[in-house]
Amino acid sequence: MVVPLWAWFAVVALLAALLAVDILLHRDNHVIGVREALLWSAVWIVAGLAFGLVLFAWHPEAAGVYYAGYLIEKALSVDNVFVFALIFGYFKVPPQYQHKVLFWGVVGALIFRLGFIFVGAELLERFFWTGYVLGAFLIWTGWKMAVKRQEDIEPECNLVVRAVRRLVPIEPRFSGDRFLVRTEGRRRGTLLLVALVAVEATDLVFAIDSVAAILAVTTNTFIVWTANAFAVLGLRSLYFCLAELLRRFTHLHYGLAVLLAFAGVKLILAGTPVGKLPVPVTLGFVVLTIAVSIGWSMLATRDGRDGGRAGRS
């Protein structure tokens, strides 16, 4: 599918408009309640699904590929939500400022992931063996996610966070919703800036396997990036909806591990006589895996038992 340049500009303009409305409605830094979070989650999900319908009208097969990629990224983003909660708890970010941190975190994620997508797609197109390497990496990541329990995350130990602390003097406090302040004639960062950097650094790590997983479905950069974009845009609302419910998703990491391994197998098979798996098979497998892992988790915790949560390490 050849995507004209105007389509890229149209999507970027649409996303910029949606983000502008979002930040305008949250400029007062109020605490996001569950009802508001559910409403915004519905808005972003409807936007993502509606974009798939536009693709269907333009190129029916592309719509199926887009929905498969969107569901994969949406499922993998649940792990991001869990880590965001850990970061906010670690830095004790006031609830009223968390939306601003996530907003700019998402903007950064859209930019950085676009770079990952173009590089990954180019490598897959130019070097056939790249699919085997990425496929093996995804299978290994899936196995690691399935067998290892979630370890304590120390944002201060992150290399990017430590680099920022060395480059920018940091005030050991918050100053409202400001990322930078001027004290004694010198510009300094606040703890809110450190939290933002931690969120961005975490997303960069997660983006490696999530982008690779969608590239297993298609190497069309337009479809991969739009699937990523619409899924990531709903991360903020998803966080406020699920931050307190994640304790019940005790077996979701098994489903995510299966999805990563499945994506790895798809990449490897694409370079063999078997070729790419049909889109309906991919889409059906993704939906079934997510549904089973969530249903299993809810059944396992229905009586209040919490079996602990495993995930990325």
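Only this structure's heavy atoms are used, side chains among them; waters, hydrogens and symmetry mates stay out. Each residue takes its place number in the sequence, starting with 1.
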CG of Asn228 to CG of Leu114, rounded to nearest 0.5 Å, is 9.5 Å
Output the distance between atom CH2 (Trp225) and atom CH2 (Trp8), rounded to the nearest 0.5 Å. 6.5 Å
Could you state the interatomic distance from NE2 (His30) to CD1 (Ile32), rounded to the nearest 0.5 Å? 3.5 Å
Using a 6.0 Å cut-off, check whether atom CZ of Arg182 has over 12 heavy atoms from anything other than its own residue. yes
How long is the straight-line distance from NE2 of His99 back to CG of Asp177, given to the nearest 0.5 Å? 12.5 Å
Set out, in order, the CA-CA distance, both residues' side-chain angles and the distance that settles side-chain contact (heavy atoms from CB on, under 4.5 Å) for Tyr70 and Thr226, then state yes or no. CA-CA 8 Å; Tyr70 175 80; Thr226 50; over 6 Å; no
Minimum heavy-atom distance between Ala37 and Ser237, given as atom pair plus value: O-CB, 3.6 Å
Is any side-chain heavy atom of Tyr67 closer than 4.5 Å to one of Leu49? yes
Side chains of Asn220 and Tyr66 in contact at under 4.5 Å (non-hydrogen atoms): no
Could you go through the side-chain contact (heavy atoms from CB on, under 4.5 Å) check for Tyr97 and Leu191 one step at a time? CA-CA 11 Å; Tyr97 304 142; Leu191 279 181; over 6 Å; no
Residue pair Val3 / Trp58, side-chain heavy-atom distance below 4.5 Å: yes
Between Val199 and Gly105 the two heavy atoms that sit nearest each other are CG1-CA, 4.4 Å
Smallest separation among heavy atoms of Gly52 and Ala63, with atom names: O-CB, 3.5 Å
Among the clusters formed by ILVMFWY side chains lying less than 4.5 Å apart, do Val232 and Leu14 turn up in the same one? yes
Shared hydrophobic cluster for Phe179 and Val181 (ILVMFWY, side-chain gaps under 4.5 Å): no
I want to check something: taking the side chain as every heavy atom from C-beta on, are Phe240 and Glu36 in contact at a cut-off of under 4.5 Å? no
Are Leu180 and Val194 connected, step by step, through hydrophobic side chains (Ile, Leu, Val, Met, Phe, Trp, Tyr) whose heavy atoms are closer than 4.5 Å? yes
Could you tell me if the side chain of Phe51 sits less than 4.5 Å from the side chain of Leu15, heavy atoms only? no
Nearest non-hydrogen partners of Phe222 and Val11, listed with the distance: CZ-CG2, 3.6 Å
Using a 4.5 Å cut-off on heavy atoms from C-beta on, say whether the side chain of Trp44 contacts that of Asp22. yes
Measuring only between side-chain heavy atoms, which start at C-beta, is Arg178 closer than 4.5 Å to Leu192? no
So which heavy atom on Ile223 is nearest to which on Ala62, and how close? CD1-CB, 3.7 Å
If you draw a 6.0 Å radius around CZ in Phe56, do more than 12 non-hydrogen atoms from other residues or ligands fall strictly inside? no
In the single-linkage hydrophobic clustering (I, L, V, M, F, W, Y; side-chain heavy atoms under 4.5 Å), do Ile45 and Val54 co-cluster? no
Going from CZ on Phe230 to CD on Glu73, what distance comes out if it is rounded to the nearest 0.5 angstrom? 13.5 Å
Transitive ILVMFWY side-chain link Leu102 to Val31, under 4.5 Å: no
Validation row: Leu233, Trp40 side chains within 4.5 angstrom (heavy atoms): no
Restricting to non-hydrogen atoms, name the atom on Ser175 and the atom on Thr190 that form the minimum distance, rounded to 0.1 Å. CB-CG2, 4.1 Å
